[in-house]
There are 2 protein chains.
Amino acid sequence: MGKPTVHDIASEAGVSLATVDRVLNGRPGVRQKTQDRVQSAIMRLGYVRDLSAANLARQRQYRFAFVLPEGPGQFVGLLQAALREATDVQRADRISVRVLQVPAHDPHQVVRTLNTIDAKHYDGVAIMAQETPQVRDAVHRLKTAGLPVVTLISDLPNSDRDHFVGVNSIAAGRTAGLLMGRFLRGLTGKILVVTSSLLARDSLERRFGFDSVMAEKFGSLEILPTLEAHDDAERMAAIVRSSLDVHPDIVGIYSLASGNKALIESLRLTGRFQDFVVIAHELTSQTRDALERDELAAIITQDVGHLVRSAVRVLRAKSDGLSVIQSQERIRIEVLLKENLP
Amino acid sequence: MGKPTVHDIASEAGVSLATVDRVLNGRPGVRQKTQDRVQSAIMRLGYVRDLSAANLARQRQYRFAFVLPEGPGQFVGLLQAALREATDVQRADRISVRVLQVPAHDPHQVVRTLNTIDAKHYDGVAIMAQETPQVRDAVHRLKTAGLPVVTLISDLPNSDRDHFVGVNSIAAGRTAGLLMGRFLRGLTGKILVVTSSLLARDSLERRFGFDSVMAEKFGSLEILPTLEAHDDAERMAAIVRSSLDVHPDIVGIYSLASGNKALIESLRLTGRFQDFVVIAHELTSQTRDALERDELAAIITQDVGHLVRSAVRVLRAKSDGLSVIQSQERIRIEVLLKENLP
DNA sequence: TTGTAGGCGTTATCAT
DNA sequence: ATGATAACGCCTACAA
């Protein structure tokens, strides 16, 4: 005979379906004694509830909000595309996702947006935002309202979010550093570090990880201070030009976060791309192209598809009170070379 | 109002549920004219069938067979563990998986096992085996019997399997080669290539990919012929000893496939691990340990968890006649360094 | 406190 | 060729 159902439990325990359902869902109105009878029947038969049947019956809907920055970066665009692709498929699972965009680098807007989210309209929230006390408070409010909250890409470690979907930035920086050092085996020289903004905690952590590894293992390489282009292509070009001018012994370039497009274009202008080992983060059309041309040596990234699918899975599990499969939800720090480009 | 259901279609088309169901499932006994009416109602309302309700009603079961080699390699063990973990979860989705073990390197047994699989007891088959004409025939038989077939890790490209779950071995070899060349930047010398057996097509392809990259980009490195230890630790130790003896200018070691345990132990015995850049395939307890100790420079691998989940998802999709999400099912060639070890 | 009956969206077995 | 009607496993009024 097949898997036991509520009917089996009902007859085994000598009660009605409704009563079984009540103890199954922890609803009141059942004597302790009856509860025990049902519970023991459940144990005895090894019952495990059919979630899809349950969802069908209760017309369960999973409505998730994804709060994402709308910046100039292409990375968030990729994230959104992956999200759309994922939700197309998961519409079949009664999952609907709404993306709430907030201007990048505007903590107030993030908070305001988070505060518009209520438990009447949503069943879970995924947030990609920089950490501020106000954001933490907003997360707390959401949790208090009973909503599962996951952080995406960039964690809010001191908030009471349920889960973080993303990678350890320090480890990502260390990975970049290790590759840089290895690829520059035996060389002495300087490493230029650029980014568009060093405000985000992730950037700081990557830089920290990068520096740690270089200090530990590659003493012959000197890491220059981080230079910020502030999303300004002109400024990036100027930085590249003057840095290469001032430091003729630059052997490596590390692009810490966003700003890859401007960096790559600037380096092409110098005509000296091949003189450096260049490592960047995040796979975008620009970085992919540069990797294929042997301009970049490596890209450190995370799979945006996996990222959004994981966020959705975790939100669903949390809003069902289920636990997540750690191994499936662990996001990898991916090392992409020309030869293993997906 | 919510998503349209079969009821909506029925009333829109002015027919009964049964008729709607017939055209939905392509069953006979409906006049062409009626079919058209129903079809147009379906289009008009934008109906999309609720798969979980359908599965509930038809008590759908997904019974999949995984045909795996039982060898001395730890890799298959990891695969099985991942499979167990995955099926624990997917039991909820009416999925059951049975593992059929066959002695490694025994094509006859594989065929015999495949021939025991019939469509009465299974709804799909995943196969990890070396390619022989007999295996291809067996796959053909399974397909003819109406069973979806996916190949796992090692493809059977000339069979009519539905899908291959794994990575391109040539690209994996190229990735290993690129890393080896980069890590040996500026050095001249020889590279030792070892494995336990060169029989498998994957091994040959990796070697091919490795050689291609080395020839294209790293002409100063000479790649020695592949040495096979045939799952014999003693033999591996002898290979390592004599090779290092004969070729004092060995700078890199590439472990093509299995046999990592013996290789690592042999190299430890020489006490000269640090003198070489060693790159291996597949993450196992041994290779992980060696990577953490800075003995291995890198591991090229694929995520076994992803592998088995993908196989199951694809089998399910195929046996429902659905298409797969390419992006989700693409298995990555992973580059693991000490700093991004999961 | 407990039970009955109907419904969730789909399929399948009967009749008609 | 078509239509009632009853499942599937679970949830939820409403009644007792």
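Each chain gets a letter, A, B and so on, in the order its sequence line appears, and its residues count up from 1.
Between D:dG3 and B:T19, a contact under 4.0 Å exists linking OP1 or OP2 to a side-chain N or O. Residue B:R49 has a polar side-chain atom (N or O) positioned under 4.0 Å from OP1 or OP2 of C:dT11. Considering only side-chain N and O atoms, B:Q59 lies under 4.0 angstrom from the phosphate OP1 or OP2 of D:dG9. The phosphate of D:dG9 has neither OP1 nor OP2 within less than 4.0 Å of any side-chain N or O from A:T5.
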query = Checking side chain to side chain donor-acceptor pair (under 3.5 Å) for the pair B:R112/B:T116: CA distance, chi angles, key distance, verdict?
reply = CA-CA 7 Å; B:R112 214 166 305 152; B:T116 67; over 6 Å; no
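A:Y62 has its side chain within reach of A:D320: a pair of non-hydrogen atoms, C-beta onward, lies under 4.5 Å apart. With a 4.5 Å cut-off on side-chain heavy atoms, B:S310 and B:I331 count as touching. Side-chain contact between A:R98 and A:Y122 is present, with heavy atoms from C-beta onward closer than 4.5 Å. Side-chain contact between A:D36 and A:K33 is absent, with no heavy atoms from C-beta onward closer than 4.5 Å. The closest side-chain heavy-atom distance from B:V76 to B:M128 is below 4.5 Å. Two residues are said to be in side-chain contact when any heavy atoms from C-beta on lie closer than 4.5 Å; B:V150 and B:F64 fail this criterion. Within the 4.5 Å cutoff, the side chain of A:H7 has heavy atoms near those of the A:L17 side chain.
Residue B:L56 contributes atom CG, which lies 13 Å from atom C1' of C:dG7 at whole-angstrom precision. Between B:R58 atom CZ and C:dG9 atom C1' there is a gap of 13 Å when expressed in whole angstrom units. To the nearest angstrom, C1' of D:dC8 lies 13 Å from CD of B:Q61. In this structure, the CG atom of A:L17 is 12 Å from the C1' atom of C:dT2, given to the nearest Å. In this structure, CZ of A:R37 is placed 15 Å from P of C:dT1, rounded to the nearest angstrom. For A:R94 and C:dC8, the CZ to C1' distance is 8 Å, given to the nearest whole Å. Across the protein-nucleic acid pair, B:R60 atom CZ and C:dA12 atom P stand 11 Å apart, rounded to whole Å. As a whole-Å value, the separation of A:L45 CG from D:dG9 C1' is 15 Å.
Closest to the A:A18 side chain, of the nucleotides D:dT12, D:dC10, C:dG9, is D:dT12. Among the nucleotides C:dG3, D:dG9, C:dT10, the one closest to any side-chain atom of A:S16 is C:dG3.
Although no hydrogens or angles enter the test, the distance criterion places a donor-acceptor pair under 3.5 Å between the side chain of B:T301 and the main chain of B:L283.
With rounding to the nearest 0.5 angstrom, the CD atom of A:Q302 is 5.0 Å from the CG atom of A:L307.
Rounded to 10 degrees, the angle separating the terminal helix axes of the helix from C:dT1-D:dA16 to C:dT16-D:dA1, each built from five base pairs, is 50°.
The residue among B:G14 and B:A57 whose nearest nucleotide of DNA chain D lies closer to the 5′ end is B:G14.
Annotation: proximity of residues 21-36 of chain B to DNA chain C (heavy atom, distance under 4.0 Å) is found for B:D21, B:N25, B:R27, numbered in ascending order.
Within the nucleic acid shown, A:A54 comes within 4.0 Å of sugar-phosphate atoms alone, with no base atom in reach, counting heavy atoms only.
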